[in-house]
Amino acid sequence: KNKNIFRYATTPMKRQRFGGEPKALIVKSRRDDKASPNNPTYHDEMESEVVVTSKCENGVRCPDSKHLKAIASSEARQDRKTNHDHKHSCALQNIVGPNEGTELFFKETWQLHPKLYEETSRDGNMQNSNAMEGSLGSVLSMGWDEVASFLQKSRILYNNEIYDEIINVPPPPLIFRNQVALQPDEIQDLYGSNPFAAYLDGCSIVVNHADKIFPPFAELCEDLQRSFPHCYINTYLTPPGSSAVAAHADDRDVIVIQILGRKEWSVFGDVPIKFPYTHEQVGKGNCSVPKWVTEKTPIINKTILPGDALYMPRGHVHCACTHEGFPSLHATVAIATHDWSFSKLMSNLIKRHLDEIPDFRKAIPFDHMIMKDKISYDLLQKDIDNALQLMKKKLTVRTLIQNMENTTKLHNINADSMRQSLSKAEAKIKNSNFIVGAEAAVSIGMNSMVRASTPAERASVNIPTSLQADGSRGLNLREETTNDLLKILQPLKNDLSLSISVSQFSSLIQIDDTNSALDGGQICEINTSFVCDFTLLCFAKCCVELGVMAKCI
């Protein structure tokens, strides 16, 4: 009943002011660990439902002081951010550009219609120089080495020796092949739970809640939360000539930010279910996309380049794909508007107030009792009238907004606490002096020098049984890339003294058909096949991990 129970529970000075110690702080988090296309939550980890109470219920363990201290520290940071600047997010201003501005965005675009913001001209020049500044600029300046480092972190999150003090660790990367999410046992059997090996087989890699793993994404979320109550980031890495997921609609508003490569997007104008909730997302689970939606011409059908952003209100059906020669990495900023809908916030408040009155907790009379007994009928109508009168007094604009702010603030505190924990744990990861094996592969980047391994070096590497085909070391390579990638190995095997950087792998491939193309904001010569820079980097990492190549020190 204490409106300030959360602060009172986590701040010593406020505990003294209220004159008592809380019995428990209960945080219930709902997460789907079995991600699959048959599960409506396979796209992302759902927002957590947080409940705070001052009573110690049976079977509920009170959090330790260390956890409460971390949450209190996060709350203090959130308060400082809120008090520091009430202006809109700088990142959002840079996304929508000076012609529209944030105020016009919320007035004429927000929750109304999709809109594409092209920050990159077709010749690769940035039209809005401010886009490369601040938190947005940090994300847009990512290269393939940063992508590999980010994926590596998400891969080892479940290593207890490194992350033993972290609660609610983000889920491992989701692997999609032919628009179908693979199950964990399949990922282990096929790829040894290695996202780089999965990418080489033509899979798309989806990392949910990437803001809890990679600092630039965390900073971007914190910036955007000046304009939005809460947001988080999911990333989608797709190889050339592929598509991660089929056409679908989301239960949240999203801002898609293209970081590397290019991707063709189609957004449809007709909305099958307006402002859907989680169980109403078409294209997910058993809820199919109506044919009449996709049969019409998309209202947006365009290839987006690095720096471009696409805003989509919840409910709009969309799909995306890459073309030959062009991979894609984009970040989807998720704004969980389904959690802040008028009906949901109102129903939560109504239930909370009615539950405070014991008589309203009783079961209503059964149908036959009401119809035969006018007294029961009149009493039930009186209860309804009393409840409506009570709600008229209790429900105001202020209480509705306060309810949303309290909910989103707890989400922000929880996310901020985890980001801080991951940042500290990251310091424990150190580059090793290994030249072959998984430890050596961690530090392989585009400028790393590699060579063919010796028999002794190969013998020193322990290969997972699932990756040993007839006793040999093997990778599942995408058919379109197999011949080109094998051309890299042959010169190294023929000359054991030869060492070469990963960025020069393309020189070992006979390029028969090239054209001028745009990638990452720069004009470059690329192969019109399915081999891209990140394919070469993944190949080098996997070869070093399997002991086929060795890192030069």
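Nothing here was measured: the structure is a model prediction, and the numbers come from that model. We use all heavy atoms of the structure for the numbers below, so side chains are in, but hydrogens, waters and symmetry mates are not.
- When the options K541, R155, Q188 are evaluated for a side-chain contact (heavy atoms from CB on, under 4.5 Å) with N194, the one that passes is R155.
- Checking each of W144, F196, F214 against F150 for a ring-ring contact (aromatic ring centres under 6.0 Å, His included) leaves exactly one that passes, namely F214.
- For the pair M446 and F505, the minimum side-chain heavy-atom distance is 4.5 Å or more.
- Summarising the geometry, atom CD1 belonging to I175 is positioned 5.0 Å from atom CD1 belonging to I187; distances are rounded to the nearest 0.5 Å.
- Under a 3.5 Å cut-off, the side chain of R314 and the backbone N or O of F275 do form a donor-acceptor pair.
- In this structure a side-chain-to-backbone donor-acceptor pair under 3.5 Å is present from S141 to G137.
- Expressed to the nearest 0.5 Å, how far CD1 of I205 lies from SG of C538 amounts to 8.0 Å.
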### Task
Evaluate the criterion side-chain contact (heavy atoms from CB on, under 4.5 Å) for residue pair L310 and V267; output intermediate values, then yes/no.
CA-CA 10 Å; L310 174 63; V267 184; 3.9 Å; yes
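- Between H338 and P276, the closest heavy-atom pair is CB-O, 4.2 Å.
- Of the N and O atoms on the side chains of T337 and Q111, not one donor lies less than 3.5 Å from an acceptor on the other residue.
- Contact detail for E405 and T408: the closest heavy-atom pair is O-OG1, 3.2 Å.
- Looking at L400 and L349, their side chains come closer than 4.5 Å, going by heavy atoms from C-beta outward.
- Between the side chains of Y191 and N476, no donor-acceptor pair of N or O atoms lies under 3.5 Å.
- Not a single donor-acceptor pair under 3.5 Å links the side chain of S242 to the backbone N or O of P239.
- In this structure, E100 pairs ionically with K115, as a charged nitrogen and a carboxylate oxygen lie closer than 4.0 Å.
- Using a 3.5 Å distance cut-off with no hydrogens or angles, the side chains of S135 and E222 do not pair a donor with an acceptor.
- Under the 4.5 Å side-chain criterion, counting only non-hydrogen atoms from C-beta, R478 is in contact with F530.
- A salt bridge links D250 and K284; the closest N-O separation between the charged side-chain nitrogens and carboxylate oxygens is under 4.0 Å.
- Between Q258 and L305, every side-chain heavy-atom pair lies at or beyond the 4.5 Å cut-off.
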### Task
Would you sort out whether N406 and K409 count as a side-chain contact (heavy atoms from CB on, under 4.5 Å), showing the intermediate values?
CA-CA 5 Å; N406 288 343; K409 186 173 184 179; 5.7 Å; no
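- Here the side chain of D253 pairs no donor or acceptor atom with the backbone of I335 at under 3.5 angstrom.
- Put simply, the side chain of W265 does not reach to within 4.5 Å of the side chain of K302, judged on heavy atoms.
- Without hydrogens or angle criteria, S89 side chain to A91 main chain gives a donor-acceptor distance under 3.5 Å.
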### Task
Please step through side-chain contact (heavy atoms from CB on, under 4.5 Å) for the pair L220 and D211, ending with a clear verdict.
CA-CA 8 Å; L220 179 58; D211 54 292; over 6 Å; no
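- Taken to the nearest 0.5 Å, the NE2 atom of H230 stands 11.0 Å off from the CG atom of L410.
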### Task
Step by step, work out the side-chain contact (heavy atoms from CB on, under 4.5 Å) result for V271 and V293.
CA-CA 7 Å; V271 179; V293 174; over 6 Å; no
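- Minimum interatomic distance between P195 and L151 (heavy atoms only, all atoms of both residues): CG-O, 4.4 Å.
- Remark: side-chain polar atoms of D223 are paired, donor with acceptor, to backbone N or O of C90 under 3.5 angstrom.
- Between the H113 side chain and the E108 main chain, a donor and an acceptor come within less than 3.5 Å of each other.
- When only modelled atom types and interatomic distance are considered, N301 and S266 share a side-chain donor-acceptor pair under 3.5 Å.
- In this structure, CG on L224 lies 6.0 Å from CD1 on I255, to the nearest 0.5 angstrom.
- Counted by atom type alone, S341 and Y277 present one or more donor-acceptor pairs between their side chains at under 3.5 Å.
- A donor-acceptor contact closer than 3.5 angstrom links the side chains of H323 and E264.
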### Message
Set out, in order, the CA-CA distance, both residues' side-chain angles and the distance that settles ring-ring contact (aromatic ring centres under 6.0 Å, His included) for F534 and Y199, then state yes or no.
### Response
CA-CA 9 Å; F534 197 68; Y199 185 88; 5.0 Å; yes
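- With no hydrogens or angles considered, a side-chain donor-acceptor pair links K263 and T238 at under 3.5 Å.
- Between the side chain of T322 and the backbone N or O of G241 there is at least one donor-acceptor pair closer than 3.5 Å.
- In this structure, the separation between CG on L475 and CG on D201 is 9.5 Å, given to the nearest 0.5 Å.
- The two residues C542 and L200 come nearest to each other via the heavy atoms SG-CD1, 3.9 Å.
- Counting heavy atoms of neighbouring residues, nucleotides and ligands inside a 6.0 Å radius, atom CG of D270 exceeds 12 of them.
- You'll find the side chain of V317 reaches within 4.5 Å of the side chain of V282, heavy atoms only.
- The NE2 atom of H279 lies 10.0 Å from the CD atom of Q281; values are rounded to the nearest 0.5 Å.
- Judged purely by atom type and a 3.5 angstrom limit, D308 uses its side chain to pair as donor or acceptor with the backbone of E119.
- D145 places no side-chain N or O within donor-acceptor distance of the main-chain N or O of G445, the cut-off being under 3.5 Å.
- For the residue pair A210 and F217, the shortest heavy atom distance occurs at CB-CD1, 3.7 Å.
- Between F105 and W110, the ring planes lie tilted relative to each other; the angle falls in the 30° to 60° range.
- Other residues, nucleotides and ligands place no more than 12 heavy atoms under 6.0 Å from the CD atom of E103.
- Annotation: side chain of D339 is in contact with side chain of K344 (closest heavy-atom distance under 4.5 Å).
- Side chains of L136 and I257 form a contact here, defined as non-hydrogen atoms less than 4.5 Å apart.
- Of all the heavy atoms in F106 and S227, the pair that sits closest is CZ-O, 3.9 Å.
- Taking the six-membered ring where the residue is Trp, Y236 and H330 present parallel rings, their angle staying beneath 30° rather than reaching 60°.
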